[in-house]
Amino acid sequence: MSMKPLIDPYLRRIAYVRVSVTDRCDFRCVYCMTEDMEFLPKAEVLTLEELDRLCTAFVRLGVRKLRLTGGEPLVRRNVMSLVRSLGRHLESGALDELTLTTNGSQLTKYAHDLRAAGVKRINVSLDTLDSRKFTAITRWGKLEKVMDGLEAAKDAGLEVKINTVALKGVNEDELDRLIAWCGEEGFDMTLIEVMPMGDIGGERRLDQYLPLSMVRGRLMEKWTLEESDYRTGGPARYFTVKETGRRLGFITPLTHNFCELCNRVRLTCTGMLYMCLGQEDSADLRAPLRASEDDDLLVEAIREAISRKPKGHDFFIDRRQGRPAVARHMNVTGG
Ligand code: SAM
Ligand code: SF4
């Protein structure tokens with residue numbers, strides 16, 4: 001079976017896979033889930049060994065970066081066995097980076113083990129430094145636990161980037177404080193615009209939506225934002241905050257098109273591959289994975305899927321209905 005790299009029809013080389021290792025979570029963030037979310041039956045979810053086999057197939061096809069996400073990746077039972085196992089690709093040099101996006105609630109338990117397995121950097125999602133607001137946003141979360149987790153991450157030598165979703169009327173007055181705090185703690189930060197994914201019950205997307213173009217204008221009154229040429233192949237545009245020396249990214253999928261350089265695909269915990277976060281098209285990799293012990297069918301299915309990667313997304317918030325543009329929730333593909 002040929003191990004030629006994965007190149008899509010628009011000549012973008014697929015070098016980055018985000019893997020949702022579980023759709024479950026110990027939080028219920030208002031922009032991500034409803035309070036009474038129904039999760040997948042366990043039988044449908046790939047085992048950790050199957051996830052390892054899938055990720056390894058991608059690495060053999062030239063993928064250089066893996067990000068574990070979810071749901072909350074660190075609530076998956078025994079998740080460290082997957083992280084340790086994937087760490088072997090870092091040691092062999094086949095993989096440049098193994099990382100994860102987490103809500104931080106389990107980091108006191110796992111930070112040191114993650115570092116020992118070869119993880120160097122993590123993204124931690126945090127929208128506020130106010131504990132009451134934190135619980136209002138996450139419904140089930142406790143800020144103190146995340147703060148302890150961040151300390152543990154620093155102590156373990158993990159680099160941290162904070163992901164903050166900009167929410168109209170909720171944390172918009174706190175962004176200056178968050179930037180200053182990230183500067184003090186030595187964290188980079190990325191601001192994310194709310195994306196229209198999944199029905200979130202009573203909360204209306206348009207009520208949450210805060211355009212980052214507006215936020216950036218406001219921040220520039222207080223901070224010196226120097227354009228940076230730092231790129232990850234993703235939808236973020238980065239600046240350096242002169243006063244803190246830290247990087248500040250803006251992810252603006254609704255107001256900006258970021259697709260020409262897209263180098264990534266997303267795998268769900270049931271083995272569905274999404275070629276674009278903003279489109280419904282997907283490919284089932286679980287069937288070819290389970291159909292045979294060698295990877296020929298799987299590799300064929302991956303190549304076929306990549307040949308369908310679309311040129312770009314078409315996110316929009318339906319202004320009349322407030323309906324999501326993409327029906328699945330963010331915890332399915334992990335953002
Ligand atoms: N549970 C982990 C966490 O919160 O970091 C990983 C999964 S979470 C789905 C990944 C990222 O997506 C988080 O930074 C979260 O804030 C963001 N997110 C979730 N729903 C979103 C939405 N509708 N629009 C924009 N970002 C969203
Ligand atoms: Fe859980 Fe992350 Fe979604 Fe919040 S954003 S509910 S922490 S998956």
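Note that ligands are numbered from 1 as they come in the structure, with each ligand's atoms numbered from 1 the same way.
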With sequence neighbours excluded, tell me which residues meet side chain to side chain donor-acceptor pair (under 3.5 Å) with T270. T268
Should E159 and K120 count as an ion pair when the cut-off is N to O under 4.0 Å? no
Between the side chains of R88 and D52, is the shortest nitrogen-to-carboxylate-oxygen separation below 4.0 Å, so that they form an ion pair? yes
Ionic contact status for D281 with K309, cut-off 4.0 Å: no
Check for a donor-acceptor pair, side chain of N163 on one end and backbone N or O of L126 on the other, with a separation under 3.5 Å. no
Relative to the heavy atoms of F27, which atoms of ligand 2 are at a distance of less than 4.0 Å? 6 (S), 7 (S)
Using atom types as modelled and distance alone, determine if a side-chain donor or acceptor of E50 lies under 3.5 Å from a backbone N or O of T47. yes
The atoms of ligand 1 lying under 4.0 Å from a heavy atom of T69, numbered in the order shown, are 6 (C), 7 (C)
Answer yes when R246 and D188 have at least one side-chain N-carboxylate O distance shorter than 4.0 Å, and no when they do not. yes
With atoms numbered from 1 as shown, which atoms in ligand 1 lie under 4.0 angstrom from a non-hydrogen atom of N163? 14 (O)
Given that the side chain starts at C-beta and the backbone is N, CA, C, O, which of these parts of C32 lies under 4.0 Å from ligand 2, counting heavy atoms, or is it both or neither? side chain
Going by the atom numbers of ligand 1, which of them fall below 4.0 Å from some non-hydrogen atom of G70? 7 (C), 9 (C)
Return a yes/no value for G71: is any of its N or O atoms, backbone included, closer than 3.5 angstrom to an N or O of ligand 1? yes
Going by distance only, is there an N or O of S125 that falls short of 3.5 Å from an N or O of ligand 1? yes
Is the closest heavy atom of G104 to ligand 1 under 4.0 Å? no
Under 4.0 Å from a heavy atom of V194: give me the atoms of ligand 1 that qualify, with their elements. 24 (N), 25 (C)
Is the shortest side-chain N to carboxylate O distance from R67 to E97 below 4.0 Å? no
Please indicate whether any nitrogen or oxygen in E72 is less than 3.5 Å from any nitrogen or oxygen in ligand 1. yes
Hey, is D8 close enough to R303 for a salt bridge, meaning N to O under 4.0 Å? no
Proximity of V165 to ligand 1 by residue part, where a heavy atom lies under 4.0 Å: side chain
Whether C25 has an N, O or S atom under 2.8 Å from atom 1 (Fe) of ligand 2: yes
Using a 4.0 Å cutoff against the non-hydrogen atoms of C29, which atoms of ligand 2 qualify? 4 (Fe), 5 (S), 6 (S), 7 (S)
For ligand 1, is there an N or O atom under 3.5 Å from any N or O atom of Y31? yes
Counting only heavy atoms closer than 4.0 Å, does ligand 1 sit against the backbone of T102, its side chain, both, or neither? backbone
Would you check if there is a donor-acceptor pair between the side chains of T164 and D127 at a distance under 3.5 Å? no
Look at ligand 2 and say whether S125 reaches it with a heavy atom at a distance under 4.0 Å. no
